[in-house]
Amino acid sequence: MSLCNPVIDSYECSGCEACVELCPEVFRINEVTDKAETIHVQVEKTDALLEAVAYCPEKCIVLE
Ligand code: SF4
């Protein structure tokens with residue numbers, strides 16, 4: 001499985017938590033900012049990760 005670096009545009013993130021629910025091994029909510037952040041820099045490009053990217057209502061997650 002290939003690796004990627006998920007990047008979140010924090011300005012656009014609404015903190016809806018959809019990405020955390022779909023892919024909790026990659027995303028978490030920062031308790032200070034109430035926005036999503038990644039737990040690791042490099043992660044495996046799993047179906048759950050692709051689903052989280054697709055379902056983000058703000059379309060603010062990019063895989064680099
Ligand atoms: S799904 Fe998108 S808008 Fe919602 S918390 Fe995650 S990054 Fe932010």
Side-chain angles (χ1 to χ4, degrees):
M1 188 149 318
S2 61
L3 292 172
C4 64
N5 174 24
V7 177
I8 300 167
D9 182 339
S10 302
Y11 183 77
E12 297 294 337
C13 174
S14 65
C16 73
E17 299 188 25
C19 58
V20 181
E21 285 175 27
L22 289 165
C23 195
E25 60 274 22
V26 171
F27 302 102
R28 66 184 172 203
I29 295 294
N30 182 300
E31 289 179 8
V32 176
T33 64
D34 280 337
K35 308 258 186 171
E37 65 184 12
T38 53
I39 300 168
H40 306 287
V41 175
Q42 284 224 311
V43 296
E44 287 188 355
K45 199 184 279 186
T46 60
D47 287 346
L49 175 56
L50 295 176
E51 207 174 348
V53 172
Y55 280 89
C56 171
E58 308 301 333
K59 297 286 174 251
C60 62
I61 308 171
V62 176
L63 301 182
E64 294 185 343

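Every number for a ligand or one of its atoms is a count from 1 in the order of the listing. Throughout, residue positions are numbered sequentially from 1 according to the sequence presented.
With a 4.0 Å heavy-atom cut-off, ligand 1 is reached by the side chain of C60 but not by its N, CA, C or O. At a heavy-atom distance under 4.0 Å, only backbone atoms of E17 (N, CA, C or O) approach ligand 1. Counting heavy atoms closer than 4.0 Å to ligand 1, residue V20 contributes nothing at all.
Hydrophobic clustering (ILVMFWY, side-chain heavy atoms < 4.5 Å, transitive): V26 and V53 are in one cluster.
Atom numbering of ligand 1 starts at 1 in the shown order; those under 4.0 Å from a heavy atom of S14 are 3 (S), 8 (Fe). Using a 4.0 Å cut-off to heavy atoms of G15, the atoms of ligand 1 that qualify are 5 (S), 8 (Fe). Heavy-atom contacts of I61 reach the following atoms of ligand 1: 7 (S) (cutoff under 4.0 Å). Close contacts between ligand 1 and E58 involve ligand atoms 3 (S) [criterion: under 4.0 Å to a heavy atom].
Of the inter-residue distances, the one linking D47 atom CG with K45 atom NZ reads 11.5 Å to the nearest 0.5 angstrom. For the atom pair SG (C23) and CD (E51), the distance works out to 9.0 Å, reported to the nearest 0.5 Å. For the atom pair CD1 (I29) and SG (C13), the distance works out to 6.0 Å, reported to the nearest 0.5 Å.
Using a 4.5 Å heavy-atom cutoff, the side chains of L49 and L63 are in contact. At least one side-chain heavy atom of L22 sits under 4.5 Å from a side-chain heavy atom of Y55.
For residue C19, no N/O/S atom approaches atom 8 (Fe) of ligand 1 to within less than 2.8 Å. Within the 2.8 Å limit, C56 places at least one N, O or S atom next to atom 2 (Fe) of ligand 1.
In this structure, the side chain of K35 engages the main chain of S10 through a donor-acceptor pair within 3.5 Å. Side chain of K59 to backbone of E12: no donor-acceptor contact under 3.5 angstrom is found.
Distance from atom 4 (Fe) of ligand 1 to its nearest protein heavy atom, with residue and atom name: C16 SG, 2.3 Å. Counting only heavy atoms of the protein, atom 8 (Fe) of ligand 1 lies nearest to C13 SG, 2.3 Å.
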